[in-house]
Number of protein chains: 2
Amino acid sequence: MEKRATIKDVAEAAGVGVATVSRVLSGGSASPRTRERVLAVAAQLDYRPSALGRNLRQRRTGGMGLLVPDLTDTFYAQFAEGVLACARSAGEPVVLGSTGGDPEQEAELIGMLLEQSVDRLIAVPSGDEDTWAPAVRAGMTVVFADRLPARPFSEDDDPAATAVNDLMLLDGLAAPPPAAHRPPELPSVLADDRAGIRTAVRYLRGLGHRRIAFLGGPGHDRRVAAFREAVGAPVDEELVVFGTGSRDSAYAAASGLFQSRPDLSAVVAGGNVLGEAAVLAARELDLRVPRDVSLVMYDDVPWAELCSPPLTVIAQPGRDMGYRAAELVLRSGGRRARSVVLPTELIIRGSCGPHR
Amino acid sequence: MEKRATIKDVAEAAGVGVATVSRVLSGGSASPRTRERVLAVAAQLDYRPSALGRNLRQRRTGGMGLLVPDLTDTFYAQFAEGVLACARSAGEPVVLGSTGGDPEQEAELIGMLLEQSVDRLIAVPSGDEDTWAPAVRAGMTVVFADRLPARPFSEDDDPAATAVNDLMLLDGLAAPPPAAHRPPELPSVLADDRAGIRTAVRYLRGLGHRRIAFLGGPGHDRRVAAFREAVGAPVDEELVVFGTGSRDSAYAAASGLFQSRPDLSAVVAGGNVLGEAAVLAARELDLRVPRDVSLVMYDDVPWAELCSPPLTVIAQPGRDMGYRAAELVLRSGGRRARSVVLPTELIIRGSCGPHR
DNA sequence: GTGAAAGCGCTAACAT
DNA sequence: ATGTTAGCGCTTTCAC
């Protein structure tokens, strides 16, 4: 455990001032002669600038924070891989936190990042806007991905309007009229949920299905809204059920749905954990896929192909989304970044059949 | 974006010196009166000590680094969740890196962590001991998990002896005789691969299987060694094949195996990515599981139950391993931590049948 | 083009 | 018990 060389060591060994070393290393002005000498000495001493000193001086830690609900949800793992890939190529560290979908843990993690002076953050949010207020107030550059924080319950506008606005936002038709007292929307990276769900529902309807259920989880508001829209007026509310995010509750929701409404003929799972639950619950109840029930799952994950039959899915580019989010949060040098919406794709495999 | 209060602000507002504030906040000695006042003022100013100052002063960043090959490998995701859970309860940040199983990327990430002065590191290593030398020399506390770094090719002892030593180490029978010039083993958290593989092989043999193949990946040396041992003398070398870590190469390996040796009746996949590949390849070649070929997969992952039939697996406690690794790396206050080996469990589901 | 010097926010001697 | 002070390694004016 030898002590590392500091900038001062390099300066002395090169016979220059520390300022010069700093300049050379960060591409500032210096005569070719000095530059070369400094570089040589630095290499010879195996000098690596300490991020500690720089961070304190600049009062900010480099790199970025990354908050996801659960890494064992394969979609978030793909997303994280995308973020890491971008960060790696930029040489920036990523501080990771897993929130378990719990706003309180999320708030704690935000606090931890604040304490570390991490001022760039990518998040798949679990808490509502109130949870995120501290981060924004502290001047963090926040990029949301996969979904946006819910509006706090106390807000004065009605949910219906919110859903409509979100949908319009997605299609890029219009920005939601920003109420004067609301902060401007933060940049985000979303999949085009509306189109994805719509395509899936149309596909199912084309196969003759009329009683289509939606199995959702936390943060799937935009997806449900799109589902309602695609299915068209009066939606059978019993066919829209939610889990709380855990695998257990997803299973319970799926199982309950199948048992309470044996007349349904197709289900759209709002995420891969819910799709997993649906397959399990169906098997447990001796429902054959797709003979007895057709299934479309949001998220394409490697194991979707392993099922028998392989699962028809709405694929969203998880890795790309992560990469883009990291680009946004890095590039936005103070400027407010533009949001991006990436396309989804319906991948037809074997889990949907004609209604019978 | 208001500027945060510093320790100096608190000191002034409370009418004390900065040292007193520091002491109070880190549980040092102080009169109840002062303590209370300082605490009150700190709360009132919403003071949060900056990790930046502390880190520079102590010449080390708190928290820990975490290096895994690939988060979309569900086992590593589970492992990471364990690490994060422990870190969260300790309020420590985790800097994550994904190496893609590539020693070069691993080395770069180690360099990045060194630059950040992160001095605690948990890793599922991809590079050999040479790759890890810089980290160790720099005085990092490193805990390996899931596997140990391979010995560099230049080493003077033969592979057979290495394998034997590793096995003995696993069973706790004896420490491998440390060559005088070799550094002492670093602490690690491993699953009891030997017992896990042995149990699986015995189970398959009990079902009448004689031509059992092993489908391995990088870092599976201990598992192969255990496989060879469990199968017994002269192992049919064609039945031991390897992928390089990617899903594609795993698939190629599995497919090649099935095609070149149609006489095999069972396969042990050394990890979940390989198990996935085996299922895919078998289906593609119209091999029925378990009628035509029995399959045991290392790693229990949620989707193992989704397959038809559900996969029989050797479960290792991924999450626990992560938690334990984090405990080790945090607790070891300079002292060299003891390694831990956790038990595996054969979970019999439906992917193995009698030989026919 | 280059160097000297002033901190960034904190902790740990040391002094009182 | 508490205040004063000296840096930790770096970047960035500001003189020269």
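Chain naming here is simple, since letters A, B, ... match the order of the sequence lines and numbering starts at 1 in each.
Taking 4.0 Å as the cut-off between side-chain N and carboxylate O, B:R54 and A:E115 count as a salt-bridged pair.
Residue contacts shown for A:S26 are absent, as no nucleic acid heavy atom lies under 4.0 Å away. Residue contacts for A:A19: at a heavy-atom cut-off of 4.0 Å it reaches a base atom on one of the strands shown. Nucleic acid contact class of A:G28 (heavy atoms, under 4.0 Å, all strands): none.
Contact check, B:T6 against C:dC8: no side-chain N or O comes under 4.0 Å of OP1 or OP2. The phosphate of C:dT2 has neither OP1 nor OP2 within less than 4.0 Å of any side-chain N or O from A:T20. Within the structure, every side-chain polar atom (N or O) of A:S29 is placed at least 4.0 Å from both OP1 and OP2 of C:dT2. Residue A:S22 has no polar side-chain atom (N or O) positioned under 4.0 Å from OP1 or OP2 of D:dT12.
Side chains of B:P149 and B:T131 form no contact here, defined as non-hydrogen atoms less than 4.5 Å apart.
Among the nucleotides C:dG1, C:dC14, C:dC10, the one closest to any side-chain atom of B:I7 is C:dC10.
Both A:R23 and B:A5 sit near DNA chain C, but only A:R23 has its closest nucleotide nearer the 5' end.
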List the atom pairs, with distances to 0.1 Å, where a side-chain N or O of residues 57-69 of chain B and a protein N or O form a donor-acceptor pair under 3.5 Å, not counting sequence neighbours.
from: B:R60; atom 1: NE; to: B:D119; atom 2: OD2; distance (Å): 2.9
from: B:R60; atom 1: NH2; to: B:D119; atom 2: OD1; distance (Å): 3.4
from: B:T61; atom 1: OG1; to: B:Q116; atom 2: O; distance (Å): 2.5

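As a whole-Å value, the separation of B:Q116 CD from D:dG9 P is 16 Å. In this entry the distance linking CD of A:E115 with C1' of C:dG9 reads 13 Å, nearest Å. Atom CZ of B:R35 and atom C1' of D:dT2 are 13 Å apart (whole Å).
Other residues, nucleotides and ligands contribute only 12 or fewer heavy atoms inside 6.0 Å of the CZ atom of A:R324.
When only modelled atom types and interatomic distance are considered, A:E81 and B:S98 share a side-chain donor-acceptor pair under 3.5 Å.
Sorted by residue number, the members of residues 38-65 of chain B with any non-hydrogen atom under 4.0 Å from DNA chain D read B:L56, B:R57, B:R59.
For the helix from C:dG1-D:dC16 to C:dT16-D:dA1, the angle separating the two terminal helix axes comes to 40°, with each axis derived from five pairs and the value rounded to 10°.
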